[in-house]
Amino acid sequence: MAGFHRRSGSIVHSGPGVTVGRYEYETPAGGSMIREIVHAHEGSVVVLPFTGTHVVLLRQFRAAVDAVIFESPAGKRDVPGEDPADTARRECIEEAGFEPGRLTLLHRFYNTPGYSDEESWLYLAEELTAVPADPQGPEEVAAEVVELTVPEALGLVDGG
């Protein structure tokens, strides 16, 4: 949409995972607005492993919501130059203990465009071969790999 123009801005925080900027924009009506934007890493991948009958998810603690939640294997694109499909394959092995024989890109999307520029690549992983998992970090080490039928997984979605 035309009419929004950045007037000024600066970085207010820079850390190992994110950078936060504070920016002033001119609005189409001639006013101004201030927005704080989380500038993420090089993006992330999300993998939906499917065995043919079951969806593979993780039950994992997430500090940002201070809870154990169900989620798909996912991870940062933190290897320079790595193709997103290769990142998805690596994350599926590390977190779920399955190597995909086939990966299909389902969608690219912005996770939370109201305040972040992080972009994710969502892959369907099929033709899975069980391999040793290689969890990276305390949350992944403590995570539980769970296989759910499609109706069970959809029930979790319906339940929030």
Side-chain angles (χ1 to χ4, degrees), residues 1-2 4-25 33-51 55-129 131-146 148 153-154 156-157 160:
M1 172 177 275
F4 288 92
H5 302 286
R6 186 184 292 179
R7 288 183 180 162
S8 62
S10 62
I11 300 301
V12 296
H13 170 77
S14 185
V18 298
T19 300
V20 179
R22 188 169 198 273
Y23 305 97
E24 180 181 9
Y25 287 85
M33 64 183 198
I34 302 292
R35 293 293 181 264
E36 291 177 343
I37 299 173
V38 176
H39 299 291
H41 37 75
E42 294 300 314
S44 59
V45 298
V46 181
V47 186
L48 184 60
F50 184 60
T51 68
V55 175
V56 180
L57 297 176
L58 305 173
R59 282 191 74 241
Q60 182 169 312
F61 175 77
R62 288 301 193 180
V65 294
D66 195 26
V68 174
I69 62 172
F70 283 95
E71 62 181 71
S72 295
K76 291 188 267 186
R77 295 190 56 223
D78 55 2
V79 175
E82 184 175 55
D83 183 272
D86 292 333
T87 308
R89 182 176 316 283
R90 179 171 48 82
E91 291 295 336
C92 194
I93 292 168
E94 285 179 6
E95 295 185 8
F98 286 103
E99 182 170 3
R102 181 173 65 207
L103 284 168
T104 304
L105 178 62
L106 299 177
H107 193 60
R108 283 175 66 173
F109 61 95
Y110 292 102
N111 296 337
T112 49
Y115 68 87
S116 176
D117 60 5
E118 181 180 9
E119 184 176 17
S120 289
W121 285 253
L122 172 62
Y123 286 91
L124 175 64
E126 297 174 287
E127 300 171 6
L128 304 176
T129 301
V131 296
D134 185 22
Q136 306 288 311
E139 295 95 344
E140 287 182 20
V141 168
E144 175 188 3
V145 177
V146 179
L148 302 172
L154 291 175
L156 288 177
V157 173

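This structure is a prediction, so every number in the text was calculated from the model and none was measured.
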Nearest 0.5 Å, what's the [atom1]-[atom2] distance between [X] and [Y]?
X	Y	atom1	atom2	answer
Arg90	Gln136	CZ	CD	8.0 Å
Glu82	Arg77	CD	CZ	8.0 Å
Arg6	Tyr25	CZ	OH	3.5 Å

| task | Go through the structure and list residues passing ring-ring contact (aromatic ring centres under 6.0 Å, His included) with His13, not counting sequence neighbours. | result |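 By the ring-ring contact (aromatic ring centres under 6.0 Å, His included) rule, His13 matches no residue at all.
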Flag side-chain contact, heavy atom, 4.5 Å: [X] against [Y]:
X	Y	result
Leu106	Trp121	no
Gln60	Arg62	yes
Leu156	Leu57	yes
Pro49	Val47	yes
Val145	Leu58	yes
Ile93	Asp134	no

Return yes when atom [atom1] of [X] has more than 12 non-hydrogen atoms of other residues, nucleotides or ligands closer than 6.0 Å, and no otherwise.
X	atom1	value
Phe109	CZ	yes
Glu42	CD	no
Arg7	CZ	yes
Tyr23	OH	yes

| task | For residues Pro84 and Val45, report the shortest heavy-atom separation together with the two atoms involved. | result |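 It is O-CG1, 3.5 Å.
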| query | Between the side chain of Arg22 and the main-chain N/O of Ile34, is any donor-acceptor distance below 3.5 Å? | reply |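 No; judged by distance alone, with no hydrogens or angles, the pair does not exist.
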| message | List the residues meeting side chain to side chain contact (heavy atoms under 4.5 Å, CB included) with Ala133, not counting sequence neighbours, and say none if there are none. | response |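 For Ala133, the residues satisfying side chain to side chain contact (heavy atoms under 4.5 Å, CB included) (neighbours in sequence not counted) are Pro135.
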| task | Run the salt-bridge test on Asp83 and Arg89 with the 4.0 Å N-O cut-off and return the result as yes or no. | result |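 So Asp83 does not pair with Arg89 through a salt bridge.
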